[in-house]
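Here the structure is laid out as structure tokens; the discussion comes afterwards.
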Amino acid sequence: MAPDGLHGRFQLAKDIAQEASAFLLSHESMRLSTRTKAENDYVTEADGTVERMIREAISKAFPSDSVYGEEFGGETGSRRRWIIDPIDGTVNFMASFPDYTVSIAYEDEEGLAFGVVAVPRQHEVFCAFRGEGAFLNDSPIHTDESEDTSRTLALLVPPHRHHEMLDGYIVRMRRFYEIISDVRSIGSAALSLCYVACGRASMYYETALHIYDCAAGIVIVREAGGMVTLLSDDEDWMDIAASSAAAHRKMLETIDG
Ligand code: IPD
Ligand code: CA
Ligand code: CA
């Protein structure tokens with residue numbers, strides 16, 4: 001694909017993310033219309049509506065592109081596809097917590113090409129294009145590369161849908177307290193990755209994610225200078241460790257024990 005084709009898609013992703021953000025801000029009442037997808041896994045009327053909006057915009061501009069999205073599925077095997085999560089942080093959206101996002105990524109034969117994560121309530125848009133750096137509202141962002149992580153935050157998310165894994169997780173969480181100041185769990189994988197990318201946190205560790213939860217955020221962390229290790233990279237079960245480059249080894253050792 002010509003570079004312009006990819007950049008055109010990147011611009012479209014940023015435009016759509018802004019439109020989806022504006023839509024969500026003006027339709028927050030949709031949070032009250034919900035159904036249960038699986039145990040401890042919910043969806044609101046807005047999730048489907050926003051995914052439809054994104055798909056329509058993509059197919060209008062690039063009719064033959066493949067799309068894989070959380071709500072309506074699609075291309076799992078293709079190496080050239082859009083990967084979208086219309087609302088990452090649905091439980092936050094339902095609870096009227098501000099930390100929900102719209103996440104849009106594109107993947108080609110060389111891997112993840114770009115990612116855009118919009119945070120409607122904060123009026124923030126994170127984005128990155130492969131080889132061109134990462135940005136927050138058009139300003140370059142970088143991971144916090146201080147060697148000393150003892151004053152930094154780690155974003156740790158217990159396996160809330162796999163309670164049988166909680167004990168092991170808590171043992172690992174305890175080890176994290178040896179190397180960081182405190183932990184947070186902010187309820188959006190995409191946003192957690194962006195917070196590592198811009199240095200608000202130095203580490204993020206979560207298990208059992210899907211590709212649409214983290215595709216956009218992974219590009220953003222890597223382009224901001226950080227590192228991402230997929231401890232398990234099945235598209236439907238991704239265990240992810242993301243951090244500044246300086247802290248990555250220490251983080252992996254902390255997970256391994
Ligand atoms: C969820 C969020 C959350 C993570 C869950 C994901 P959703 O995505 O990323 O932070 O802990 O595992 O499923 O359901 O809000 O799109
Ligand atoms: Ca998600
Ligand atoms: Ca979602």
Side-chain angles (χ1 to χ4, degrees), residues 16-17 20-21 23-24 27-28 30-31 33-55 67-74 76 82-105 115-121 126 153-166 169 172-173 183-197 200-201 203-218 220-221 228 230-242:
I16 311 174
S21 275
F23 178 87
L24 285 169
H27 291 76
E28 284 201 339
M30 282 186 174
R31 73 190 179 84
S33 169
T34 66
R35 68 184 166 79
T36 304
K37 279 205 283 194
E39 197 183 350
N40 204 16
D41 193 358
Y42 309 97
V43 64
T44 73
E45 188 188 348
D47 295 73
T49 307
V50 169
E51 183 162 325
R52 243 179 259 114
M53 277 176 64
I54 298 173
R55 284 174 178 270
V67 178
Y68 180 50
E70 173 167 14
E71 305 309 330
F72 302 115
T76 49
W82 294 78
I83 303 171
I84 58 182
D85 192 341
I87 303 182
D88 185 62
T90 293
V91 172
N92 283 344
F93 182 73
M94 281 167 62
S96 201
F97 254 59
D99 299 330
Y100 64 86
T101 63
V102 178
S103 176
I104 304 176
V116 178
V117 174
V119 199
R121 283 270 202 99
F126 295 84
L153 292 169
L155 305 173
L156 302 183
V157 186
H160 48 92
R161 292 192 189 116
H162 300 278
H163 294 180
E164 73 286 358
M165 293 163 55
L166 269 172
Y169 199 94
R172 266 172 247 137
M173 185 185 264
V183 305
R184 300 283 184 272
S185 178
I186 59 175
S188 161
L191 190 59
S192 303
L193 287 160
C194 292
Y195 278 9
V196 170
R200 291 177 188 165
M203 304 172 198
Y204 164 56
Y205 172 51
E206 183 164 1
T207 55
L209 291 172
H210 297 269
I211 183 74
Y212 43 74
D213 298 314
C214 47
I218 289 173
I220 294 169
V221 171
V228 179
L230 299 175
L231 302 159
S232 144
D233 68 353
D234 178 323
E235 289 215 336
D236 290 318
W237 188 293
M238 302 179 76
D239 293 350
I240 191 167

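Just so you know, ligand 1 is whichever comes first in the structure, and atom 1 is the first atom listed for that ligand.
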Next item on the list: From atom 10 (O) of ligand 1, work out which of G187, P86, G89, S185 has a heavy atom at the shortest distance.
Entry: G187
Margin query: Strictly distance-based, threshold 3.5 Å: is any side-chain N or O of S232 a donor or acceptor partner for the main-chain N or O of W237?
Written below: yes
Checklist line | Ring-ring centroid check Y169 Y205, cutoff 6.0 Å | finding: yes
Next item on the list: Looking at D88, pick out the N, O or S atom nearest to the Ca ion (ligand 2) and give its name.
Entry: OD1
Checklist line | Side chain proximity check, E71 to V43, heavy atoms < 4.5 angstrom | finding: yes
Check: Within a reach of under 6.0 Å around CZ of F72, are more than 12 heavy atoms found that belong to other residues, nucleotides or ligands?
Finding: yes
Notebook entry, point to check: Got a second to check how far S192's OG is from R200's CZ, nearest 0.5 Å?
Noted result: 12.0 Å
Notebook entry, point to check: With a 4.5 Å limit on heavy-atom distance, are the side chains of F97 and V91 in contact?
Noted result: no
Notebook entry, point to check: For ligand 1, which atoms have a heavy atom of S188 less than 4.0 angstrom away?
Noted result: 9 (O), 10 (O)
Next item on the list: May I ask which of V91, L191, V43, D213 has a heavy atom nearer to atom 6 (C) of ligand 1 than the others do?
Entry: D213
Next item on the list: Taking both backbone and side-chain atoms into account, decide whether G89 has an N/O/S atom under 3.0 Å from the Ca ion (ligand 3).
Entry: no
Note to self: I want to confirm something. Looking only at heavy atoms, which of H210, E71, R161, H160 is nearest to atom 14 (O) of ligand 1?
What the structure shows: R161
Notebook entry, point to check: In D85, what N, O or S atom is nearest to the Ca ion (ligand 3), if we give its atom name?
Noted result: OD1
Margin query: Under 3.0 Å from the Ca ion (ligand 3), is there any N, O or S atom belonging to E70?
Written below: yes
Checklist line | Numbering as shown, the atoms of ligand 1 that approach L209 to under 4.0 Å (heavy-atom distance) | finding: 12 (O)
Note to self: Do Y212 and E51 have side chains that approach each other closer than 4.5 Å (heavy atoms only, starting at C-beta)?
What the structure shows: no
Note to self: Within ligand 1, which atoms have a heavy atom of V157 less than 4.0 Å away?
What the structure shows: 11 (O)
Margin query: Looking only at N, O or S atoms in D213, which is nearest to the Ca ion (ligand 2)?
Written below: OD1
Next item on the list: Give a yes or no on whether the backbone of D88 and the side-chain of T101 come within a donor-acceptor separation of less than 3.5 Å.
Entry: yes
Checklist line | Test item: N92 side-chain N/O and D99 main-chain N/O as donor-acceptor pair under 3.5 Å | finding: yes
Notebook entry, point to check: Looking at atom 12 (O) of ligand 1, what's its closest protein heavy atom, distance included?
Noted result: E206 OE2, 3.3 Å
Next item on the list: With heavy atoms of T90 as the reference, note each atom of ligand 1 found under 4.0 Å away.
Entry: 15 (O)
Check: Heavy-atom distance to atom 1 (C) of ligand 1: which of D85, D88, L155 wins?
Finding: D88
Check: Less than 4.5 Å apart, any side-chain heavy atom of E28 and any of R121?
Finding: yes
Notebook entry, point to check: Judged by non-hydrogen atoms, does I87 sit under 4.0 Å from ligand 1?
Noted result: yes
